[in-house]
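Only one structure is covered here, and it is reproduced in the block below.
Reminder, nothing fancy here: chain letters follow the sequence lines and each chain counts from 1.
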Amino acid sequence: MAFEPVVLFFLLGVFAGLIGSDLKIPGSIYEALSIFLLLAIGLQGGVKLAEFELLELIVPALIILAVGCIIPVAVFPVLQILGKLKRPDAASIAAHYGSVSVVTFSVAVALLQQESVDFEGYMIVFLVLLEIPALVIGVMLARYGVGTVRWGKLVHEVFFGKSILLLTGGLLIGFVAGAEGIKPLDILFFDLFKGVLALFLLEMGLVAASRIAGLKTYGAFLVTFAIVTPILSAALGTVLGWMLGLSVGGTMLLATLYASASYIAAPAAMRIAVPQANPAISIGAALGITFPFNIFLGIPLYFWMARFIHTVGG
Amino acid sequence: MAFEPVVLFFLLGVFAGLIGSDLKIPGSIYEALSIFLLLAIGLQGGVKLAEFELLELIVPALIILAVGCIIPVAVFPVLQILGKLKRPDAASIAAHYGSVSVVTFSVAVALLQQESVDFEGYMIVFLVLLEIPALVIGVMLARYGVGTVRWGKLVHEVFFGKSILLLTGGLLIGFVAGAEGIKPLDILFFDLFKGVLALFLLEMGLVAASRIAGLKTYGAFLVTFAIVTPILSAALGTVLGWMLGLSVGGTMLLATLYASASYIAAPAAMRIAVPQANPAISIGAALGITFPFNIFLGIPLYFWMARFIHTVGG
Amino acid sequence: MAFEPVVLFFLLGVFAGLIGSDLKIPGSIYEALSIFLLLAIGLQGGVKLAEFELLELIVPALIILAVGCIIPVAVFPVLQILGKLKRPDAASIAAHYGSVSVVTFSVAVALLQQESVDFEGYMIVFLVLLEIPALVIGVMLARYGVGTVRWGKLVHEVFFGKSILLLTGGLLIGFVAGAEGIKPLDILFFDLFKGVLALFLLEMGLVAASRIAGLKTYGAFLVTFAIVTPILSAALGTVLGWMLGLSVGGTMLLATLYASASYIAAPAAMRIAVPQANPAISIGAALGITFPFNIFLGIPLYFWMARFIHTVGG
Amino acid sequence: MQTQEMMLLVIISESLLEDMIIDEITELGAKGYTITEARGKGTHGKRSGRWTQGGNIRIEVVGDGALCERIIQSLIAKYDVDYGLLMYTLPVTLQN
Amino acid sequence: MQTQEMMLLVIISESLLEDMIIDEITELGAKGYTITEARGKGTHGKRSGRWTQGGNIRIEVVGDGALCERIIQSLIAKYDVDYGLLMYTLPVTLQN
Amino acid sequence: MQTQEMMLLVIISESLLEDMIIDEITELGAKGYTITEARGKGTHGKRSGRWTQGGNIRIEVVGDGALCERIIQSLIAKYDVDYGLLMYTLPVTLQN
Ligand SMILES: Nc1ncnc2c1ncn2[C@@H]1O[C@H](COP(=O)(O)O)[C@@H](O)[C@H]1O
Ligand SMILES: Nc1ncnc2c1ncn2[C@@H]1O[C@H](COP(=O)(O)O)[C@@H](O)[C@H]1O
Ligand SMILES: Nc1ncnc2c1ncn2[C@@H]1O[C@H](COP(=O)(O)O)[C@@H](O)[C@H]1O
Ligand code: NA
Ligand code: NA
Ligand code: NA
């Protein structure tokens, strides 16, 4: 199975966290690393996007968005009925799993690059688009008939929150400047990308470790949920990617996007919009189980699925 | 007109600031970026300086310094009489505009590099020298006949303040080590320079945005002042550069130095030495108007002016 | 004598510190730089280690460790009797000088690279191993017959403290991933290494400056001790390296390891385990005298010693 | 030099709420406030200041008793149930 | 709205001791605590927060008088001689 | 264990003044002090701690009433007009 050394840094972080080492990445460094990753991934997407006919992307984008909305809507009743979770918690978790994870996406891209597999550069646009609708659906599910939502605050939080802003900002700069204009920035934003991703994964490991302890409290249902949901979502993405005519790489990335759960944008938005939800449960599942599952087993699996459907389906 | 993609990051920052995004560069990262920029620019200058005969620089340096002192002296009465500003405010603003901006200089250098235009490496020495006299003049203007100045504290603040120290320190290290000795550091200090400048401009945009709001209070005079002053100062620099026999690139850089207004060294020094001055006015003008004007319109204009005078003047 | 430009940054830091400049590297940046250096040095070692037969290293490693233990045991009575230091202080200083300094090691490696001298890649393993036993000996010397030691806490502090953890973690990742797998991380962890070391030395200079003032209090004995000890320890290392059949580079690195004094791991461990010791004395000596001595005079000297013994001894 | 007997209200809450609490206390009439970054533990669990757990802020407001009372009432109504929140008051002497 | 008269204990000590002090006060019964990063000077010299000198932490514990007394006794016994430590108490009114 | 009734003086001012204020209070006889980084708003506008706006520092000095009074007088004379400055005092019980 395909293996990408960068995930070893995540393991190191988990180990350090579990044994209670005093290792920690200072908060401001973590902030800087995320700003870097978001900008860099946006720039990469923007440069590649400049080579495409934008209008041709509208239809697939709408389809990918619409199908993506199935995920939170489908998992919500599962969480309420099978998981016996309270409405706000179920809605909040649904939003996390409907949204996407930039770091999971980056690890998938790293794997494709290592295996020298091409992919459509505009996948990054879908990454940006998919961050949003699930959050809105989550809030609606939580508040249906109950109290009022501060939509203004929420919309602001989501659209102008730093994740989306840096991704779209980077996308636009890359698009406007083009490969030529960006060249003097290549060494910072492109060549260092994977190294920075490694450091980021180290920190993610430290945080995931602190989540693993809390998981016992939530029991077998949540663990199962956090592993089965990404696999099913990835299957949905694989089939859709294949039907839309994406390459093997693109198909695998769409599957990864659907399979990934947000742990940056979603927690912040849900804490504001659905404060009754316990953040420990949703982040615990997304970061403590789904994220490690995806980077170690999920991504190689989705890669295999994408190749499989392209071989079998032609 | 010549255009340098790095300024797009400034725009992104301004946009994020104006819409009230939660994006912010942590303070310690900002500190680290400035330390890096100052050291790197010093090193670059030092390496280039090693190729020159130092003694030959003394006369032009003295002329450039003396002419540079005209700027604060000339704008002070304008600010007092036309602008109706109080003496300490007029003096503080005079100091800001007499001093120079390292980031504006860096953007100008980036433009020259992109356009493959050569320049005299020792311009960086003038950057260091020009930081200082305007601050002293500003304090004298403010305190003339009024109270006592803590000169000791001020001189210490200016000469051993981190900007000057890192610039001169870098200059000396570059000079001593030479291009050969610096080579293993090239990738950090030279190749990454422009990427770091991009991140820095992002933060500058965020800060400028917070200044733009405050500008309404100060009215049309200050806005006009903050645009006309750099143009006139640049004209002075262009003529002087040409008379001193600088290349097109060197002439443009001297114009940019004269045109730029300090927003790091000057505010800190003025807050200590002229505490009666309202820092919001001077920083607002320097950072909210002059800085963006310079990087978007000024620098291309000064470039045009330098080429013009060299074409016409021969 | 061999000279490595990177030490100029240390001088700049010392100068800035002594004149009371406001230059400082923010704490979180310092943390990030150390994490980077430790990980990078571990990765470099791991990649090189992958080329060796591990079993063959066990015997020399044990010998190097055993001989290394002589240092703290030998200096302890000197400090107590000649230096008239109290038992806890003598023990704590013994631990500092028995342990090793990663940055001193890095400067030595930088010199070898600049002089294009090869060395055994597995030296980094000894760096990791040598951090530990001296700390244990130090605690035993301090507590012999006096009170109880919280060994659990101490062992945890030492083995799972971030220095050892990042060094060994990097070592393992480099070993598992190998040169091929690490390649996309090369530019961050290898090419930038020396630039980051330069920034780190700048901060070290700032800190050393604050230590130099305090040294007058401790007098001539401590200054002499802090210069003679590394020279004697280096002599021990030189002879041992030559007897073990190490190359000139490897011999010089072993001498440097023995000669270097810890100022990160040791102070933290001693503060916990021997709280009666005054940290200002031990850190003052290790950082204020031994460290600068080593990077300016010691390392070139140890290099000369290594070449000498290989020439004379054949 | 005249001194003034005032009330000091200390509010410890989640960093996330900073903007909203500041808007609130400013609207209710506070002339100023001071914020420091904090972390801690309470009935809503540990808030280590690491990113996914979130940190706390510690807000000080010096004001008269009535102002403090208004702020307390309003913050309790809006945030006490769902968010980490601790408030205490004490008398202080304002010196300038 | 009921308010409650409580004691506020402020502990200023070396960052290095954070884990140990937190364990201590939690075992002695504190329901919560708030920590801010600090630096300072005292009889154990300057603690600038720069790495090799170490920094301080400032811990606030709101509790009843007996709890504060237990914590004070225990910390004095364990840390007062060898480490930088300053503790003071004052009465506060808990508001939520 | 003896406790001691003391005064706590809290000074909130601009970070820029740190060195000068510390020199001042040390000369006036303070045995120690504790500093935390802060930001805030007052009559001199918002001090967000972002670089060009500058941040605040919050200084605590535990001392006797006379010392606090000396520090207050001196800081008012030197900095109250031109710089952001807030000072308040309260009685505390020193515990070690
Ligand atoms: N007894 C206490 N003493 C000091 N700080 C407390 C105490 N209880 C809670 N806190 C602080 O208030 C925050 C919110 O408290 P809570 O709403 O109880 O989770 C915590 O994260 C602590 O920082
Ligand atoms: N008089 C004081 N006022 C305020 N803080 C103090 C005072 N004395 C000591 N401290 C703080 O308590 C820490 C430890 O004090 P000490 O044990 O005296 O070194 C110092 O680093 C200061 O942060
Ligand atoms: N009413 C207040 N309550 C708490 N802190 C205040 C208050 N007024 C001012 N401050 C703090 O003191 C600093 C300086 O105040 P000022 O001199 O009024 O600008 C502000 O930046 C705040 O941090
Ligand atoms: Na998803
Ligand atoms: Na100028
Ligand atoms: Na040693």
Side-chain angles (χ1 to χ4, degrees), chain D residues 6-15 17 21 24-25 34-50 53-61 63 65-93, chain E residues 1-40 47-49 55-65 67-68 70-71 75 86-96:
Chain D
M6 301 288 264
M7 203 67 143
L8 169 65
L9 165 61
V10 176
I11 306 163
I12 298 166
S13 191
E14 309 191 7
S15 303
L17 298 182
I21 294 179
E24 198 74 30
I25 66 180
T34 299
I35 305 177
T36 46
E37 306 290 329
R39 50 211 157 85
K41 211 186 85 173
T43 51
H44 288 81
K46 197 165 169 180
R47 306 190 54 75
S48 65
R50 308 302 305 277
Q53 289 184 307
N56 286 337
I57 45 173
R58 181 182 183 280
I59 307 177
E60 282 178 300
V61 183
L67 170 69
C68 294
E69 191 54 33
R70 280 202 305 279
I71 296 175
I72 291 163
Q73 300 300 346
S74 153
L75 294 186
I76 287 182
K78 292 199 177 158
Y79 304 112
D80 204 18
V81 180
D82 294 324
Y83 296 97
L85 178 69
L86 180 84
M87 293 186 287
Y88 62 77
T89 52
L90 59 155
V92 299
T93 311
Chain E
M1 201 59 41
Q2 90 257 49
T3 64
Q4 230 181 320
E5 298 311 311
M6 302 288 265
M7 203 67 143
L8 170 65
L9 165 61
V10 175
I11 305 162
I12 299 166
S13 191
E14 309 190 8
S15 303
L16 189 81
L17 298 182
E18 177 170 330
D19 289 353
M20 288 178 268
I21 295 180
I22 294 304
D23 285 358
E24 198 74 30
I25 66 181
T26 312
E27 266 166 45
L28 293 173
K31 293 268 157 23
Y33 55 83
T34 299
I35 305 177
T36 47
E37 305 291 329
R39 48 211 158 86
R47 306 191 53 75
S48 66
N56 286 338
I57 45 171
R58 182 184 184 278
I59 307 177
E60 283 177 300
V61 183
V62 177
D64 56 41
L67 170 69
C68 294
R70 281 201 305 278
I71 296 175
L75 294 186
L86 180 84
M87 292 185 287
Y88 60 78
T89 51
L90 59 155
V92 298
T93 311
L94 191 61
Q95 297 284 359
N96 72 324

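To the nearest 0.5 Å, atom CD1 of residue E:Ile35 and atom CZ of residue D:Arg58 are 13.0 Å apart. Rounding to the nearest 0.5 Å places CG of D:Leu75 at 9.0 Å from CG of E:Asn96. Once rounded to the nearest 0.5 Å, the distance linking CD1 of D:Ile57 with OG1 of E:Thr34 reads 12.0 Å. Summarising the geometry, atom NZ belonging to D:Lys41 is positioned 9.0 Å from atom CD1 belonging to E:Ile22; distances are rounded to the nearest 0.5 Å.
Heavy atoms closer than 4.5 Å to chain D are found nowhere in E:Ile59, neither backbone nor side chain. Residue contact with chain E, scored on non-hydrogen atoms closer than 4.5 Å, involves the backbone and the side chain of D:Leu86 alike. Residue E:Glu60 touches chain D through its side chain alone, counting heavy-atom pairs closer than 4.5 Å. In this structure, chain D has no heavy atom under 4.5 Å from any part of E:Ile25. Residue E:Leu8 touches chain D through its side chain alone, counting heavy-atom pairs closer than 4.5 Å.
Of the listed residues D:Thr36, D:Val10, D:Leu85, the one with more heavy-atom pairs under 4.5 angstrom with chain E than any other is D:Leu85.
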